[in-house]
Amino acid sequence: MRFDIITLFPAFFDSPLRAGVLGRAVEKELFHIAIHNLRDWADPPHFAVDDTPYGGGGGMVMKPEPIRRALDAVRQGSRHSRVLLMTPQGRAFRQEDAVALAQEKGLTFLCGRYEGVDERVRAWVDDEFSIGDFVLSGGEFAALAMVDAVARLIPGVLGNELSAGEDSFGDGLLEYPHFTRPAEFAGMRVPEVLLSGNHGEIARWRRRERLRRTLERRPDLLDRARLTAEERSFVAALQRQGDEEEGS
Ligand code: SAM
């Protein structure tokens with residue numbers, strides 16, 4: 001897998017790509033990542049990458065020409081790269097998108113700044129993603145979040161291959177709660193089942209906790225999750241119990 005990032009602030013990525021899981025994966029060359037300075041494709045003598053908006057109003061708009069040249073140059077090095085525009089107006093980036101994007105040969109992230117890119121740039125991208133209903137000052141934050149979410153699904157990037165599968169959203173549910181030593185702290189005890197050594201019971205408890213947690217915090221996820229009939233009735237029972245408690 002190859003990631004290409006087109007940005008006006010290449011230095012933004014320096015430290016995150018040297019730290020933790022991403023840093024180790026870059027070092028081991030489990031994927032390749034190239035950061036491209038958009039200004040390299042701007043016209044001399046001023047190398048302007050933005051201009052005032054037609055129609056007036058505040059803010060600046062990123063010019064289409066340097067972006068077109070940058071995309072052409074990146075495509076030469078990575079012909080099958082999927083081009084993704086970072087924008088709050090894009091579709092919401094979800095774990096299932098990370099899973100799908102991890103299958104691609106290459107991903108090119110186009111990071112906006114100012115008021116965003118000239119509208120015509122949208123014709124040259126394969127997809128537009130938002131990482132949430134809020135406005136960031138630059139697409140770099142979004143690109144970095146997406147690179148991290150995709151990269152950790154690449155085989156070998158996570159030390160323990162199991163941990164990605166059990167993570168929240170992996171099968172449409174939130175993850176179960178975690179505990180570590182000591183077994184009792186500040187008057188709070190770790191659930192007995194986790195101390196029992198009974199792996200079957202632990203797996204059952206964890207699955208039920210995933211369902212309980214998802215119902216409590218993100219009930220919207222349950223509509224899309226693949227659940228067995230038994231799990232659906234467990235959730236329905238929890239829901240009835242909650243309704244009764246609220247009513248009493
Ligand atoms: N004027 C734009 C609008 O209202 O839609 C917002 C521009 S924002 C200040 C500058 C850049 O940050 C955008 O071009 C985009 O690349 C990035 N950005 C901001 N919020 C984002 C989000 N929620 N998801 C992805 N990218 C975002």
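Atoms considered below: every heavy atom in the structure, side chains included; atoms not considered: hydrogens, waters and symmetry mates. Remember, it's 1-based here, ligands and their atoms both numbered in the order they're listed.
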(message) So I202 and L194, do their side chains get closer than 4.5 Å, heavy atoms only?
(response) yes
(message) Less than 4.0 angstrom from a charged side-chain N to a carboxylate O is my criterion; do E140 and R113 meet it?
(response) yes
(request) Describe, in one word, how the ring planes of W41 and H36 are oriented to each other, choosing from parallel (under 30°), tilted (30 to 60°) and perpendicular (over 60°). (result) tilted
(message) Please verify the inter-ring angle class for W205 with F179; under 30° counts as parallel, over 60° as perpendicular, anything in between as tilted.
(response) tilted
I'd like a table of donor-acceptor pairs (distance under 3.5 Å, sequence neighbours excluded) in which one partner is a side-chain atom from residues 82-91, with atom names and distances.
from	atom 1	to	atom 2	distance (Å)
T87	OG1	Q89	N	2.9
R91	NE	D127	OD1	3.3
R91	NH1	D97	OD1	2.9
R91	NH2	D127	OD2	2.9

(request) Give the minimum heavy-atom separation between D126 and S81, together with the two atoms involved. (result) OD2-O, 4.0 Å
(message) For ligand 1, give me the residues whose heavy-atom distance to it is below 4.0 Å, by chain and number please.
(response) M86, T87, P88, Q89, G112, R113, Y114, E115, G116, F129, S130, I131, G132, F134, V135, L136, S137, G138, G139, A142
